[in-house]
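Notes follow the structure.
Protein chains get the first letters and strands the later ones, always in sequence-line order, with residue 1 at the start of each. Below, each value reflects all heavy atoms present in this structure, side chains not excepted, and no hydrogens, waters or symmetry copies.
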Number of protein chains: 2
Amino acid sequence: MTEIELYINSYFGIVDANDLKIIGSLFKLTTIKKNDFLLKNGKCCDKLSFVQSGLLRMFIATDKKEVTQWISTKGYFSTDLASFVFDTPSRLSIQALVDSEVYSISKEDYKRIGVLVTKWHELEKLFIVRCFIMLEERIFSHLSMTADERYKLFFDNNKELFNQVPLQYIASMLGMTPETFSRIRKKQVL
Amino acid sequence: MTEIELYINSYFGIVDANDLKIIGSLFKLTTIKKNDFLLKNGKCCDKLSFVQSGLLRMFIATDKKEVTQWISTKGYFSTDLASFVFDTPSRLSIQALVDSEVYSISKEDYKRIGVLVTKWHELEKLFIVRCFIMLEERIFSHLSMTADERYKLFFDNNKELFNQVPLQYIASMLGMTPETFSRIRKKQVL
DNA sequence: ATTTCCTCTTGACAAAAATCAAGAAATCAC
DNA sequence: GTGATTTCTTGATTTTTGTCAAGAGGAAAT
């Protein structure tokens, strides 16, 4: 199995080898240099990507600051879903934090999957349900935890990220300032 | 068209009248008395419901407090999606804040929709994508706004809710204490 | 009506987090 | 390697939010 077939298989649970081949063949591997953009806000997002290697930062620029919504690591998908699905201008920008490789599918090819693979919509639905549940979890963390607790929770589950990306982005993604983030880290060490 | 058919049509965009009838017939209208539970945490959530009238509070009980995740008003769906889709014990409890009516579908009948209506999975996928986008928006509000700003945003979009439910639940849902909520309200009036 | 319960408000205070400013440390470009 | 830039840390201070406690107001029950 190719790498992309493995992803599709693990995320969408497709068992049929033939379907897997079809879908996999529609994704194209491309590289993005550090600091380059996979998507700039304002443009319509015309592709869906999976991170094969590297790191992508998804952020929204406000008048005051940039808000990092998520950092996609190997295996995560990366797109402005609203823009991709409903053809609206994207609010998200997506930028590579290091040289990265992504498997991307164009909107046209994406639409073709549904035609070619009967079970696709059902499997994709389950995939999005899982994403939905992750977001619910994240909202819960903001409703019920302090910055300190959110830090610990995220750190425990994503240790490897902390020496790969500027910490200010993780801080933003967890809803705190870099200063607060730094002070929390200091406490953890002692 | 019956009320439930109207919902299905507006949320899932089904055009075929026959499909609509089929799906609509699988939902059963039931009533829930004020303070009664549609779902108690720990049980497996075996149905998916749409609010026809009334108000449902979805909350998670922690050791310290109850965290209100969302209040479902007319037209919203209400379920513990993780529990419903993956047959796990639910973390959410769902309780009626006033006498309410819901259209519910059992898990078995829900599964049958996919068989009976070819386009169902695709339409449902789009529905969940819209839910996903709403949650992304909500997370953004926690990453970039103060309690004050979150209050204003929510108030502007949900004025009618404020004289129907205990305000403490709205406070919780917005991630602040009842006291902070009360003080923000006081400032708004002046 | 009055008692009880629940919700909301208010004040005083404590804790958490943001802001501002400066400097250290690390990284990047040449 | 050296200088320039970016990122991180730290301190001082302010703002925001939470906590605790008391009381007011309303709704529901008896």
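The aromatic rings of A:Phe50 and A:Phe27 sit perpendicular to each other, their planes meeting at more than 60°, with 30° as the lower class boundary. Ring planes of A:Phe77 and A:Phe127: perpendicular class, angle over 60° (limits at 30 and 60°). Using bins of under 30°, 30° to 60° and over 60° for the plane-to-plane angle, the ring pair A:Phe155/A:Tyr151 lands in the parallel bin.
For A:Ala147, taking side-chain heavy atoms from C-beta onward, the closest of the listed nucleotides C:dA17, C:dT9, C:dC28 is C:dA17. Taking only side-chain atoms of B:Tyr169, from C-beta outward, the nucleotide of D:dG18, C:dT9, C:dT7 with the closest atom is C:dT7. With D:dT10, D:dT17, D:dT9 as the choices, the nucleotide that has an atom nearest any side-chain atom of A:Leu167 turns out to be D:dT9. Comparing C:dC8, C:dG11, C:dT19 by their nearest atom to the side chain of B:Pro166 picks out C:dC8. You'll find that the side chain of B:Gln168 is closest to C:dC8, out of D:dT10, C:dC8, C:dT9.
A:Glu179 contributes a side-chain N or O that forms a donor-acceptor pair with the base of C:dC20 under 3.5 Å.
Checking A:Thr68 against A:Arg57 by side-chain atom types alone, a donor-acceptor pair falls below 3.5 Å.
The nearest whole Å value for the distance from the NZ atom in A:Lys187 to the C1' atom in D:dT10 is 15 Å. Here C:dA17 presents its P atom at 12 Å from CZ of B:Arg150, a figure rounded to the nearest Å. Counting to the nearest Å, the C1' atom of C:dA18 and the CG atom of A:Asp148 are 16 Å from each other. Rounded to an integer number of Å, the gap from A:Lys65 NZ to D:dT7 P is 17 Å. Distance CG (B:Asn163) to C1' (D:dA27): 16 Å, rounded to an integer number of Å. Atoms CD1 (B:Ile170) and C1' (C:dT7) sit 13 Å apart, rounded to a whole Å. For the pair A:Glu149 CD and D:dG18 P, the computed distance is 13 Å after rounding to whole Å. Residue B:Met145 contributes atom CE, which lies 13 Å from atom P of D:dT17 at whole-angstrom precision.
Distance check: A:Thr180 OG1 to A:Leu174 CG gives 11.5 Å after rounding to the nearest 0.5 Å.
The phosphate of D:dG11 (OP1 or OP2) has a side-chain N or O of A:Lys186 nearer than 4.0 angstrom. OP1 and OP2 of C:dA16 both lie 4.0 Å or more from every side-chain N or O belonging to A:Thr146. The phosphate of C:dA18 has OP1 or OP2 within less than 4.0 Å of a side-chain N or O from A:Thr177. For A:Thr180, no side-chain nitrogen or oxygen approaches OP1 or OP2 of C:dA17 to under 4.0 Å.
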